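Below is one structure, written out as structure tokens, with a few remarks after it.
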Amino acid sequence: MRIGIGEDTHRTELGGPLRLGGVDVPHDRQLIGHSDADVLLHAVTDALLGAAALPDIGRMFPNTEPENRDRDSAEMLAAAAEKVAAAGWQIVNLDCIVSAERPKLADYQDAIRHRIAGILRLNPNQIGLKAKTGEGVGPVGSEEVIEARCVALLTSGEPWYQRPIL
């Protein structure tokens with residue numbers, strides 16, 4: 001089994017909607033980046049790549065390459081998942097945190113979990129998602145940025161929960 005961690009931060013600007021976890025969330029701000037700036041999918045991508053000891057998202061999809069401009073982060077995550085599978089790994093579960101002062105994400109958490117599950121061909125129950133605020137402190141609290149973190153657990157061969165107990 002292997003564990004990987006992914007983390008990403010993107011600045012915000014006026015506009016919208018907010019793309020988060022592959023879901024467009026109605027909001028008066030949007031994320032800024034070379035791709036579609038989906039901070040959560042970027043963190044998930046890096047967590048999976050890290051657990052498999054593969055190059056990170058920046059090396060796989062450099063922001064210096066024109067073809068990555070406005071690229072859909074769901075495409076990047078799917079491509080990374082294919083590389084992880086080709087290296088002999090299967091996803092056991094993901095646990096994610098999004099830190100955003102606004103919008104409140106409670107109404108969107110299930111949709112985001114289902115979207116990530118769809119991209120990765122997982123059961124939504126394999127994906128944990130928590131939403132936190134900055135409590136009015138720092139760049140998250142002042143709505144300058146949105147941050148995301150993800151921990152991924154991978155297994156090789158037969159999933160651990162299907163192996164016989166010795």
Side-chain angles (χ1 to χ4, degrees), residues 2-13 15-27 29-87 89 91-103 105 108-122 124 126-134 138-141 143-154:
R2 303 278 285 278
I3 297 172
I5 187 166
E7 180 178 46
D8 199 25
T9 303
H10 280 277
R11 291 178 292 119
T12 66
E13 68 181 3
L18 175 67
R19 169 76 51 97
L20 199 56
V23 172
D24 286 337
V25 176
H27 191 44
R29 300 190 74 77
Q30 63 189 8
L31 294 167
I32 305 167
H34 186 75
S35 67
D36 67 3
D38 190 323
V39 68
L40 178 54
L41 293 188
H42 293 179
V44 172
T45 300
D46 263 347
L48 293 174
L49 292 170
L54 295 170
D56 67 15
I57 191 172
R59 289 179 48 205
M60 205 170 155
F61 302 100
N63 65 5
T64 56
E65 297 297 327
E67 63 266 18
N68 293 325
R69 162 93 29 233
D70 298 322
R71 189 174 201 151
D72 186 341
S73 295
E75 290 176 16
M76 293 189 282
L77 176 55
E82 286 178 21
K83 286 190 178 284
V84 168
W89 297 101
I91 302 167
V92 175
N93 75 304
L94 305 173
D95 192 22
C96 307
I97 300 172
V98 174
S99 297
E101 195 69 17
R102 288 185 319 117
L105 297 174
Y108 303 97
Q109 284 176 283
D110 283 340
I112 292 169
R113 287 177 52 243
H114 280 79
R115 176 67 176 130
I116 294 170
I119 296 165
L120 297 174
R121 299 180 186 153
L122 298 175
Q126 291 173 270
I127 300 165
L129 177 61
K130 296 172 287 300
K132 304 292 182 185
T133 69
V140 170
E143 300 184 51
E144 295 172 45
V145 303
I146 293 178
E147 299 175 340
R149 291 171 187 78
C150 177
V151 175
L153 178 62
L154 305 182

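All values derive from a computational prediction rather than experimental measurement. Side-chain atoms are counted along with the backbone in the values below, which use heavy atoms only and exclude waters and symmetry mates.
Between atom CD of residue Gln126 and atom CZ of residue Arg121 there is a gap of 14.0 Å, rounded to the nearest 0.5 Å. To the nearest 0.5 Å, the span separating CD on Glu101 from OG1 on Thr12 amounts to 11.5 Å. Atoms CG and NE2, from Leu122 and His114 in turn, are 12.0 Å apart once rounded to the nearest 0.5 Å. The distance from the CD1 atom of Ile5 to the SG atom of Cys150 is 8.5 Å, given to the nearest 0.5 Å.
Between Cys96 and Leu129, the closest side-chain pair of non-hydrogen atoms falls below 4.5 Å. Side-chain contact check for Leu18 versus Gln30: every heavy-atom pair is 4.5 Å or farther apart. Leu48 has its side chain within reach of Leu77: a pair of non-hydrogen atoms, C-beta onward, lies under 4.5 Å apart. In this structure the side chain of His34 never reaches within 4.5 angstrom of the side chain of Thr64, judged on heavy atoms. Proximity of Asp72 to Arg19: side-chain heavy atoms (C-beta onward) are separated by under 4.5 Å at one or more points. In this structure, the side chains of Leu40 and Ile116 come closer than 4.5 Å at one or more pairs of heavy atoms.
For Asp110, the salt bridge (Lys or Arg N to Asp or Glu O under 4.0 Å) partners at least two apart in sequence or on another chain are Arg113. Residues satisfying the salt bridge (Lys or Arg N to Asp or Glu O under 4.0 Å) test with Arg102, not counting sequence neighbours, are Asp28, Glu143. In this view, Glu13 satisfies the salt bridge (Lys or Arg N to Asp or Glu O under 4.0 Å) rule with no residue, not counting sequence neighbours.
Judged purely by atom type and a 3.5 angstrom limit, Glu147 has no side-chain atom pairing as donor or acceptor with the backbone of Val140. Here the side chain of Glu7 pairs no donor or acceptor atom with the backbone of Arg149 at under 3.5 angstrom. Of the possible polar contacts, one joining the Asp46 side chain to the Ile57 backbone as a donor-acceptor pair under 3.5 Å is found. Side chain of Asp38 to main chain of Gly22: a donor-acceptor pair is present (N/O by atom type, distance under 3.5 Å, no hydrogens or angles).
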| field | Criterion side chain to side chain contact (heavy atoms under 4.5 Å, CB included) on Val44 and Ile127, from CA distance to verdict | value | CA-CA 10 Å; Val44 172; Ile127 300 165; over 6 Å; no
| request: Carefully, step by step, assess Asn63 and Asn68 under the rule side chain to side chain contact (heavy atoms under 4.5 Å, CB included). | output: CA-CA 6 Å; Asn63 65 5; Asn68 293 325; over 6 Å; no
| query | Is there a side chain to side chain contact (heavy atoms under 4.5 Å, CB included) between Ile91 and Leu154 once you walk through the steps? | reply | CA-CA 5 Å; Ile91 302 167; Leu154 305 182; 3.8 Å; yes
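Between Ala43 and Ala148, the closest heavy-atom pair is CB-O, 3.7 Å. Here the closest non-hydrogen pair linking Ala74 and Leu41 is N-CD1, 3.6 Å. In terms of heavy-atom proximity, Ile112 sits nearest to Gly21 at CG2-CA, 3.8 Å.
When the shell of 6.0 Å around NZ of Lys132 is examined, it contains 12 or fewer heavy atoms from other residues, nucleotides or ligands.
Looking only at atom types and distance, the side chain of His42 has a donor-acceptor partner in the side chain of Ser35 under 3.5 Å away. Side-chain contact annotation: Asp36 with Ser73, donor-acceptor N/O pair under 3.5 Å present.
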